[in-house]
Amino acid sequence: PDYILAIGGAEADALAKAETDIPKFFALVTQPERHGIAFPGVLSSSPDLMYERMEFAQKILPEIKIFTVLTSTTTLGGVIAGEKAREFAAKNPGYSVAILEFGSPDEIKRFAETINKNQGVVFAAPATAVALAFPEILKGARARGVPLVAWSGDLVEQGALFAYGDENYDIGREAAYLIYEAAVTKTPVSSIGTRTVKPALVINKKAADSLGIRIPSDILKQAAKIVE
């Protein structure tokens, strides 16, 4: 191949360690310096935005003071999301924040069967293990009428109440631009910078209606997309 693109933190970790003269790029990676990555790519801010998702939940569901975060310590994105959730808990003492860290998708799938309203709002963190278990998480939350918050618009399309984070399409588009710079404009890879995408708020109004939740109009105005 002429270029190698690693999509995701684990994949970028492996590529960073690979000994090759083929130009390297990454996409969907948070805080690449913590991965030891020194080549260009497209950043993912979704793990860092866990705090902001919790703030949106405060505004959308002001009567619920219990937040439950499902994350994993097996990937850096999950670790960072957990850090941001702890930061929110420290700054908002009126909230009860439970951060549940899992080691595998199977553990999360088993937990999903026990989701209930005592957990308040459930937040699915942008971690590989959580993504692999997301259908079961969604099924458990739906069955018991529990609001579920995700990190990407495609998960809102599947049924989550809302998401705030990077859109996969935008990440892919920016990654294509990086390859274009190298392949077509012949820009040296060492001169190609890291790209970012603008986070998007996506709201599932149909899910909100089924849960009896009224989304404030000022929040709806901020949405990049509303699923009816």
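Note: hydrogens, waters and symmetry copies are ignored here, and every other heavy atom, side chains too, is used.
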Enquirer: What are the two closest heavy atoms between Ala85 and Val69, and how far apart are they?
Expert: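 Scanning both residues, the minimum pair turns out to be CB-CG2, 4.0 Å.
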Enquirer: Could you give me the CA-CA distance, side-chain angles and deciding distance for Thr128 and Thr74, then say whether side chain to side chain contact (heavy atoms under 4.5 Å, CB included) is met?
Expert: CA-CA 8 Å; Thr128 301; Thr74 60; 5.7 Å; no
Enquirer: State, yes or no, whether a side-chain contact exists between Ile80 and Arg34 at a heavy-atom distance under 4.5 Å.
Expert: yes
Enquirer: Is any side-chain N of the basic residue among Glu87 and Lys91 closer than 4.0 Å to the acidic one's carboxylate O?
Expert: yes
Enquirer: What is the distance from atom CG of Asp209 to atom CD of Glu228, rounded to the nearest 0.5 Å?
Expert: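 Here the interatomic distance stands at 8.0 Å.
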Enquirer: Share the residues that join Val227 in a hydrophobic cluster, the rule being Ile, Leu, Val, Met, Phe, Trp or Tyr side chains under 4.5 Å apart at the heavy-atom level.
Expert: Val156, Val202
Enquirer: Could you walk me through whether Leu5 and Phe26 pass the side chain to side chain contact (heavy atoms under 4.5 Å, CB included) test, one step at a time?
Expert: CA-CA 5 Å; Leu5 172 64; Phe26 71 82; 5.5 Å; no
Enquirer: Assess whether side chain to side chain contact (heavy atoms under 4.5 Å, CB included) is satisfied between Ile137 and Leu70, documenting all intermediate values.
Expert: CA-CA 9 Å; Ile137 297 169; Leu70 311 184; 4.0 Å; yes
Enquirer: Could you check if a side-chain atom of Val97 sits within less than 4.5 angstrom of a side-chain atom of Ile99, using non-hydrogen atoms only?
Expert: yes
Enquirer: Flag the pair Glu101 and Arg86 as a salt bridge only when some basic side-chain nitrogen lies within less than 4.0 angstrom of an acidic carboxylate oxygen.
Expert: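 Judged by the 4.0 Å cut-off on N to carboxylate O distance, Glu101 and Arg86 do form a salt bridge.
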Enquirer: A side-chain contact here means heavy atoms from C-beta on lying under 4.5 Å apart; do Pro47 and Thr30 qualify?
Expert: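 Yes, close enough: below the 4.5 Å cut-off.
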Enquirer: Would you give the length of the straight line joining atom CZ of Phe123 to atom CE of Met50, rounded to the nearest 0.5 angstrom?
Expert: 7.0 Å
Enquirer: So do Phe25 and Val189 actually touch side chain to side chain, heavy atoms under 4.5 Å?
Expert: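 Result yes, sub-4.5 Å side-chain heavy-atom pair found.
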Enquirer: Can you run down the side-chain hydrogen bond (donor to acceptor under 3.5 Å, both in side chains) pairs that involve residues 141-165, sequence neighbours left out, and say none if there aren't any?
Expert: Ser152-Asp154, Glu157-Lys225
Enquirer: With a 4.5 Å heavy-atom cut-off, do Ile7 and Val29 have their side chains touching?
Expert: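 Ile7 does not reach Val29 side chain to side chain.
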Enquirer: Any sub-3.5 Å donor-acceptor pair from Asn116's side-chain atoms to Thr114's backbone N or O?
Expert: yes
Enquirer: Return the set of residues passing ring-ring contact (aromatic ring centres under 6.0 Å, His included) with Tyr95 (not counting sequence neighbours), or none when no residue passes.
Expert: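 Listed in chain order: Phe67, Phe88.
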Enquirer: CD of Gln31 to CD1 of Ile37: how many Å apart, nearest 0.5 Å?
Expert: 11.5 Å
Enquirer: Is it the case that the side chain of Asp166 and the backbone of Ser45 share a donor-acceptor pair, with hydrogens and angles ignored and the cut-off at 3.5 Å?
Expert: yes
Enquirer: Output the distance between atom CD1 (Ile213) and atom CG (Leu61), rounded to the nearest 0.5 Å.
Expert: 4.5 Å
Enquirer: Give me the atom names and distance for the closest heavy-atom approach of Ile171 to Ala27.
Expert: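 For Ile171 versus Ala27, the nearest heavy atoms are CG2-CB, 4.0 Å.
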Enquirer: Test Lys205 against Ile215 for side chain to side chain contact (heavy atoms under 4.5 Å, CB included), laying out the working first.
Expert: CA-CA 8 Å; Lys205 193 170 182 299; Ile215 307 291; 5.5 Å; no
Enquirer: Donor-acceptor pair, distance only, cut-off 3.5 Å: does the side chain of Thr194 make one with the backbone of Pro40?
Expert: no
Enquirer: Could you check whether any side-chain N or O of Asn204 sits under 3.5 Å from a backbone N or O of Lys206, counting only pairs where one atom can act as donor and the other as acceptor?
Expert: yes
Enquirer: Are any side-chain N or O atoms of Glu136 and backbone N or O atoms of Arg110, one a donor and one an acceptor, separated by less than 3.5 Å?
Expert: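 Judged by distance alone, no pair lies under 3.5 Å.
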Enquirer: Using atom types as modelled and distance alone, determine if a side-chain donor or acceptor of Asp170 lies under 3.5 Å from a backbone N or O of Val197.
Expert: no
Enquirer: Is the number of heavy atoms from other residues, nucleotides or ligands under 6.0 Å of Glu19 CD greater than 12?
Expert: no
Enquirer: Got a sec, which residues hit side chain to side chain contact (heavy atoms under 4.5 Å, CB included) with Ser104, two or more places apart in sequence or on another chain?
Expert: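 Checked Ser104 against side chain to side chain contact (heavy atoms under 4.5 Å, CB included); matches are Asp106, Glu107.
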Enquirer: If you round to the nearest 0.5 Å, how far is CG of Leu43 from OG1 of Thr196?
Expert: 6.5 Å
Enquirer: Considering all heavy atoms of both residues, which atom of Ala160 and which atom of Phe134 are nearest to each other, and what is their separation?
Expert: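 Closest approach of Ala160 to Phe134, heavy atoms only: CB-CZ, 4.2 Å.
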Enquirer: So which heavy atom on Gly153 is nearest to which on Ala163, and how close?
Expert: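 It is N-CB, 4.3 Å.
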Enquirer: Within the side chain of Thr187, is there an N or O that forms a donor-acceptor pair under 3.5 Å with the backbone of Ile192?
Expert: no
Enquirer: Any side-chain to backbone donor/acceptor pair from Thr75 onto Ala127? Under 3.5 Å, distance only.
Expert: no
Enquirer: Taking the basic N atoms (NZ, or NE/NH1/NH2) and the acidic carboxylate oxygens, is any pair closer than 4.0 Å for Lys17 and Asp13?
Expert: no
Enquirer: Whether the side chain of Lys24 engages the backbone of Leu15 through a donor-acceptor N/O pair (distance < 3.5 Å, no angle test) should be reported.
Expert: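 Yes, because the side chain of Lys24 sits within donor-acceptor range (under 3.5 Å) of the backbone of Leu15.
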Enquirer: Which value, rounded to the nearest 0.5 Å, describes the distance between Phe56 atom CZ and Ile219 atom CD1?
Expert: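 Interatomic distance, Phe56 CZ to Ile219 CD1, rounded to 0.5 Å: 5.5 Å.
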Enquirer: Holding to side chain to side chain contact (heavy atoms under 4.5 Å, CB included), I want the full list of residues that pass it with Tyr169, two or more places apart in sequence or in another chain.
Expert: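 If we apply the side chain to side chain contact (heavy atoms under 4.5 Å, CB included) test to Tyr169, skipping adjacent residues, the hits are Arg173.
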Enquirer: Tell me, do Leu161 and Ile203 make a side-chain contact under 4.5 Å, heavy atoms counted?
Expert: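 A side-chain contact under 4.5 Å is absent here.
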Enquirer: Taking all non-hydrogen atoms of both residues, which atom of Pro147 and which atom of Leu211 are closest, and how far apart?
Expert: CA-CD1, 4.0 Å
Enquirer: So Asn118 and Ile66, do their side chains get closer than 4.5 Å, heavy atoms only?
Expert: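 A side-chain contact under 4.5 Å is absent here.
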Enquirer: Could you pull out the closest heavy-atom pair between Pro135 and Ala131, with the gap in Å?
Expert: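 Residues Pro135 and Ala131, closest heavy atoms: CD-O, 4.1 Å.
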Enquirer: Quick one: does Pro1's side chain get under 4.5 Å of Ile22's, heavy atoms only?
Expert: yes
Enquirer: Sub-3.5 Å donor-acceptor pair from the side chain of Thr71 to the main-chain atoms of Ala81, do we have one?
Expert: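 The answer is no, because no donor-acceptor pair under 3.5 Å joins these two groups.
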Enquirer: Identify all side-chain donor-acceptor contacts of residues 174-184 below 3.5 Å with residues at least two apart in sequence or on another chain.
Expert:
from: Glu174; atom 1: OE1; to: Arg195; atom 2: NH1; distance (Å): 2.8
from: Glu181; atom 1: OE2; to: Arg195; atom 2: NH2; distance (Å): 3.3

